[in-house]
A.B. asks: 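Quick one: the structure is below, and I'll ask about it shortly.
In what follows, chains carry the letters A, B, and so on, assigned in the order in which the sequence lines appear, proteins first and then strands, with residues in each chain numbered from 1. Just the heavy atoms: all of them, side chains too, but no hydrogens, waters or symmetry mates, feed the values below.
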There are 4 protein chains.
Amino acid sequence: MSPRGRPRDTEVDERVLQAATELLLRHGYGGLSTDEVAERAGIAKTTLYRRWPTKDHLALAVVARLQDHDEITDTGDIRRDLTDYMEKVAAGLNRMRVAGLPPGQESRSAGTVAELVAAAARHDDVGALERDVYARRNALACRLIERARDEGRLRPDVDPMTLLEQLAGALYYRVLITGHPVDRAYAERLVAAALDGAL
Amino acid sequence: MSPRGRPRDTEVDERVLQAATELLLRHGYGGLSTDEVAERAGIAKTTLYRRWPTKDHLALAVVARLQDHDEITDTGDIRRDLTDYMEKVAAGLNRMRVAGLPPGQESRSAGTVAELVAAAARHDDVGALERDVYARRNALACRLIERARDEGRLRPDVDPMTLLEQLAGALYYRVLITGHPVDRAYAERLVAAALDGAL
Amino acid sequence: MSPRGRPRDTEVDERVLQAATELLLRHGYGGLSTDEVAERAGIAKTTLYRRWPTKDHLALAVVARLQDHDEITDTGDIRRDLTDYMEKVAAGLNRMRVAGLPPGQESRSAGTVAELVAAAARHDDVGALERDVYARRNALACRLIERARDEGRLRPDVDPMTLLEQLAGALYYRVLITGHPVDRAYAERLVAAALDGAL
Amino acid sequence: MSPRGRPRDTEVDERVLQAATELLLRHGYGGLSTDEVAERAGIAKTTLYRRWPTKDHLALAVVARLQDHDEITDTGDIRRDLTDYMEKVAAGLNRMRVAGLPPGQESRSAGTVAELVAAAARHDDVGALERDVYARRNALACRLIERARDEGRLRPDVDPMTLLEQLAGALYYRVLITGHPVDRAYAERLVAAALDGAL
DNA sequence: TCCTAATCGAGACGGTACGTCGCGTCTTTGT
DNA sequence: ACAAAGACGCGACGTACCGTCTCGATTAGGA
């Protein structure tokens, strides 16, 4: 069953994502318009919509590609590994904080992240894809925690997912809600608090 | 200093917020249109825009009013108090999860919350207001924690704000990002994990 | 050079002008609204604005089409030809006098004509178009006069354009300024006065 | 029957007309807004509307005041007197041609005049007033012509009103419709043509 | 001197239209 | 089939201006 008709121009995807990325980072989610993307990429809107059925889909594709490269290290020092991971997450968020703003400034909140979440709520498939991205990333971190727990470096009753949510959640909460900064120092404080407990 | 000119019709605010709330909850953020709100409230669009310069401003006003009634109890049992508080926060989020969906269904993600955060990023003043709402609410919880710490019911090195972020952040993370449910059971597990620590 | 992209739906122009004409004649210039026109023509406002960038442009198009059918006859009897022409011009003006009024009535002044002139002053291109319409029509009459002059039926020092302005101007002056009627009888009197002179 | 209540502040009329004139001449009819006038005159809109029930009424008042000073001379030389009068009319029109344009430029058409005519068509009383202004002015010119005719300086069958319409009409036609200039030279040519006739 | 009435400043209000923007679809011609 | 080009439908947005209204505060004349 070979595909009939003219094959898709593979170069198009690249040009579109390039243009879309540029727009998203420079002018924010609102500044990302399909008309503009098509024009900059030198393609027809039809072509664009054949691949991404919605602006939201396109935007997700852009951001997903941007954050594809986070990795998790396992040195055996769980405190340090988690802190490193949190710092990477924070870095990704901070990158979004700058999107759409004049250089030198940075928003308190990362609007683009919120828009993406909103997009996920608008379209089931965007939501599924988005959750998948996070699930994949968190699965790695989860295993890291599990290993530490199973080797006795963490309490045996630790629930890895909950611990992760405490950590990542705090970062997102600051970036999306309170607008407070997230940096290495905060990552350290956060991990310490989570590991040591409050009692 | 008496107010000059014709005073604002206070009834208008009520009617507008009523209509806007109805639309927001029934049809979601996208279904909230200024034209429709004005018509339902029986006022001119001009009047609406005089008070809320943007649809975003209006939407925030609506949600802020909805969540105005959360209270925090202080029974002396910090674990229970925090769990109760988390449950209230969760309830608010779950309410947003239903917004704009056919009855009986509920979205995985609370799109409206995300839209509101996006709105905060679009307009500085909306952001300021939004952060203010959260700050006010968190301040109460913060004091609760401080009291417990100062009375020796929590470790003396506990940072109340960070603890709070671990808790609230986790809820928001689930509701916005992973789409997992947040209920009483989760609230208990969460508080337990935060208080006991992982080490 | 074949035209690219989806061609314009030629039927749209017709439907729009139809609706606009109806509105303009029935309810006057103020009663011509782009929203209403679009709805009656069964098209989107965007489509309308793509062709006529302004209500003013649309209105001119309507009136230009209405007056497109005036012709000038050349019988050799210059007095009669001019009178006939003046009567046609008067008829066009009188038609505008009725626009926007309850049937049976007619305004003293032709408001719509004035609005059109005002529109011409608001947008350069409307003005250019409008002047073009008049120029085209007057050119014919001019040649009529020139012929009569060159054949000795008028004084050799007659300036055709000035003569025309005396005639048409008087009609417009009555219709726009003084509100007096313009009819066949006046046309005759006017032409006589212009041809015979006052001395 | 002495007037009860607080008497009207006579100074207000002046300040309003001042401001309105300024706006009308500087920014044209469209730039004359009641809000702006009220603010500049330092009065309330209520006060303004108590005296001029409509923007159109106000605008007419402004223009009427501007052209109040035309006089007609009677030297016995009818050709010269008419030319002088036409020049004054032309001057008034040319003044309107500049209204609302950046200095140094002048519109082809006198939009404000057209707007005023349109206003006259919108409100009967404005129309009546406007026609009155013209009637008063033309009556003087009419008498001038009558005198010349009765004294044998013009043909006995001359209809003064028609002659006047030929002259003034031509000016208005050029200014409103064709956009051609009106100056002393044209006035001379025009009067000559009208007096000498075409036959 | 108080009362009544009209005016004034300020600004909210209703209404109506305008023109714009962005998304996603559709219709062409050509490859 | 896919691509480029561009018209199209839809729906909302925010703005502008008009003329009306409701306040409180003045400023007169008349009882």
A.B. asks: Is a donor-acceptor contact shorter than 3.5 angstrom present between the side chain of R6(D) and the base of dT7(E)?
C.D. replies: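 Present.
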A.B. asks: Can you name the nearest heavy-atom pair linking M96(C) to L66(C), along with the distance?
C.D. replies: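 For M96(C) versus L66(C), the nearest heavy atoms are CE-CD1, 3.9 Å.
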A.B. asks: Give, for atom CG of L17(B) and atom CG of L24(B), the distance between the pair rounded to the nearest 0.5 Å.
C.D. replies: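 Going from the CG atom of L17(B) to the CG atom of L24(B) covers 11.0 Å.
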A.B. asks: Which pair of heavy atoms, one from V16(C) and one from V37(C), lies closest together, and at what distance?
C.D. replies: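 Looking at all heavy atoms of both residues, the closest pair is CG1-CG1, 3.8 Å.
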A.B. asks: Output yes when a side-chain donor or acceptor of T54(B) lies under 3.5 Å from a complementary backbone atom of H57(B), and no otherwise.
C.D. replies: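 No; zero donor-acceptor contacts below 3.5 Å.
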A.B. asks: Atom CG in L116(A), atom OG1 in T112(A): separation rounded to 0.5 Å?
C.D. replies: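 Here the rounded value is 7.5 Å.
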A.B. asks: Which distance, rounded to the nearest 0.5 Å, do you find between the CD of Q18(C) and the CG of L23(C)?
C.D. replies: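 The distance works out to 11.5 Å.
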A.B. asks: Once you round it to whole Å, what is the distance between P of dC2(F) and CD of E11(A)?
C.D. replies: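 Answer to the nearest Å: 18 Å.
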A.B. asks: To the nearest angstrom, how far is L48(C) atom CG from dC18(E) atom C1'?
C.D. replies: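 Whole-Å distance recorded here is 12 Å.
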A.B. asks: Heavy atom of residues 40-47 of chain B under 4.0 Å from DNA chain F: which residues?
C.D. replies: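 Contacts with DNA chain F under 4.0 Å: K45(B), T46(B).
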A.B. asks: In sequence, state the C-alpha distance, the side-chain angles, and the governing distance for T34(D) and W52(D), and then conclude on side-chain contact (heavy atoms from CB on, under 4.5 Å).
C.D. replies: CA-CA 10 Å; T34(D) 54; W52(D) 298 276; over 6 Å; no
A.B. asks: Please figure out whether H123(C) or T34(A) has its closest DNA chain E nucleotide nearer the 5' end.
C.D. replies: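 The 5'-side residue here is H123(C).
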A.B. asks: Can you work out whether V12(B) or G5(B) has the more 5'-proximal nearest nucleotide on DNA chain E?
C.D. replies: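 This one resolves to G5(B).
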A.B. asks: Enter the distance from R15(B):CZ to D9(B):CG here, rounded to the nearest 0.5 Å.
C.D. replies: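 Rounded to the nearest 0.5 Å, the CZ-CG separation comes out at 6.5 Å.
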A.B. asks: R8(D) CZ to dG29(F) C1': how many Å, rounded?
C.D. replies: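 About 17 Å, once rounded to whole Å.
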A.B. asks: Let me check the geometry of the helix from dT1(E)-dA31(F) to dT31(E)-dA1(F). What is the bend angle between the axes at its two ends, five pairs each, to 10°?
C.D. replies: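 Overall, the helix from dT1(E)-dA31(F) to dT31(E)-dA1(F) bends by 10° from one end axis to the other.
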A.B. asks: I'd like to know if the side chain of K45(D) and the backbone of A38(D) have a donor-acceptor N/O pair within less than 3.5 Å.
C.D. replies: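 Flag not set: sc K45(D) to bb A38(D) has no pair under 3.5 Å.
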A.B. asks: How many Å lie between CG on D13(D) and P on dT7(E), as a whole number?
C.D. replies: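 Taking atom P of dT7(E) as the reference, CG of D13(D) is at 12 Å.
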A.B. asks: Between E115(A) and R122(B), does any NZ, NE, NH1 or NH2 come within less than 4.0 Å of an OD or OE carboxylate oxygen?
C.D. replies: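 Looking at E115(A) together with R122(B), the answer is yes, because their closest N to O distance falls below 4.0 Å.
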A.B. asks: Atom CG of D35(A) and atom C1' of dA7(F): how far apart are they, to the nearest Å?
C.D. replies: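 It is 12 Å, rounded to the nearest whole Å.
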A.B. asks: Send over the distance from E36(B) CD to dC10(F) P, rounded to a whole Å.
C.D. replies: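 Going from CD in E36(B) over to P in dC10(F) covers 18 Å.
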A.B. asks: Please give, in whole Å, the distance from dC13(F) P to R122(B) CZ?
C.D. replies: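 The distance from CZ of R122(B) to P of dC13(F) comes to 11 Å, rounded to the nearest Å.
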A.B. asks: In whole Å, I'd like the distance from the CD atom of E39(B) to the C1' atom of dG11(F).
C.D. replies: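 The distance from CD of E39(B) to C1' of dG11(F) comes to 14 Å, rounded to the nearest Å.
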A.B. asks: Kindly state which residues belonging to residues 49-65 of chain D come within less than 4.0 angstrom of DNA chain F, counting heavy atoms of the residue only, listed by number.
C.D. replies: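 Contacting residues: Y49(D), T54(D), K55(D).
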A.B. asks: Of all the heavy-atom pairs spanning A120(B) and E130(B), show the shortest one and how long it is.
C.D. replies: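 Result for this residue pair: CB-OE1, 3.6 Å.
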